[in-house]
Amino acid sequence: MTTAREITTEGAECVGERESVLDAARKMTDPGVGALPICGTDDKLKGVLTDRDIVVRVLGKGKDPARTNAGELSRSEAVTIGADDDAGEILRTMTAHKVRRLPVIDGHRLVGVVAQADVARALPDPQVGDLLEALSTG
């Protein structure tokens, strides 16, 4: 079966935990992505920052995005997938945690991000339907 390494979007850019949310928003703009992994000064993944986080948890709360660090928005340990895990495991992880994007790690090193669309291309239609239904409810 197809592995995360085979379907991941490589070269995912991180936002540093000490970088501002404004810097993160700028990093999202050019590639047109809605989420960035948050990487610590120790090069370990700290979480994922989404465009929704910026709107709801920063702008919606009246915080200054230039003075709010990305690391302040990281929640508990990030949900990830191993680079050699198969598409079925990706499906189970996305469904269980209700996430649309998963950072792909090899050891502790970020190698890319696998999105719902990547999984949809790698799985048979019935499984894709189950994923979409699970992520759309609740």
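Values in this document were obtained by computation on a predicted structure and should not be read as measured data.
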How long is the span from the [atom1] atom in [X] to the [atom2] atom in [Y], to the nearest 0.5 Å?
X: E89; Y: L102; atom1: CD; atom2: CG; value: 9.5 Å
X: T29; Y: D51; atom1: OG1; atom2: CG; value: 10.0 Å
X: K46; Y: C39; atom1: NZ; atom2: SG; value: 9.5 Å
X: D85; Y: T93; atom1: CG; atom2: OG1; value: 7.0 Å

Quick one: does any side-chain atom of [X] pair with a main-chain N or O of [Y] as donor and acceptor, under 3.5 Å?
X: E17; Y: T41; result: yes
X: S74; Y: A70; result: no
X: R57; Y: L73; result: yes
X: T8; Y: R5; result: no

Considering only heavy atoms from C-beta outward, does the side chain of [X] approach that of [Y] to under 4.5 Å?
X: D86; Y: T2; result: no
X: M94; Y: I90; result: yes
X: V56; Y: D53; result: no
X: L36; Y: C14; result: no
X: V113; Y: P37; result: yes

Hydrophobic cluster identity match, [X] and [Y], side-chain contacts under 4.5 Å:
X: I38; Y: V58; answer: yes
X: L110; Y: V104; answer: no
X: L45; Y: V15; answer: no
X: I105; Y: V33; answer: no

For K63 and E72, what are the C-alpha separation, side-chain angles and deciding distance, and is it a salt bridge (charged side-chain N to carboxylate O under 4.0 Å, His left out)? CA-CA 12 Å; K63 295 180 180 178; E72 294 175 44; 5.1 Å; no

Working note: V48 + R101, criterion side chain to side chain contact (heavy atoms under 4.5 Å, CB included); need CA distance, chi angles, decisive distance, verdict. CA-CA 9 Å; V48 176; R101 303 167 194 93; 5.7 Å; no

Let me see the working for V114 and I81 under side chain to side chain contact (heavy atoms under 4.5 Å, CB included), right down to the final yes or no. CA-CA 9 Å; V114 65; I81 195 77; 4.2 Å; yes

Can you see which heavy atom on [X] is nearest to which on [Y], and at what distance?
X: A66; Y: S20; answer: O-CB, 3.5 Å
X: M28; Y: A35; answer: CE-CA, 4.0 Å
X: E6; Y: T3; answer: OE1-N, 2.7 Å

Can you name the residues that form a side chain to side chain donor-acceptor pair (under 3.5 Å) with T80, not counting sequence neighbours? none

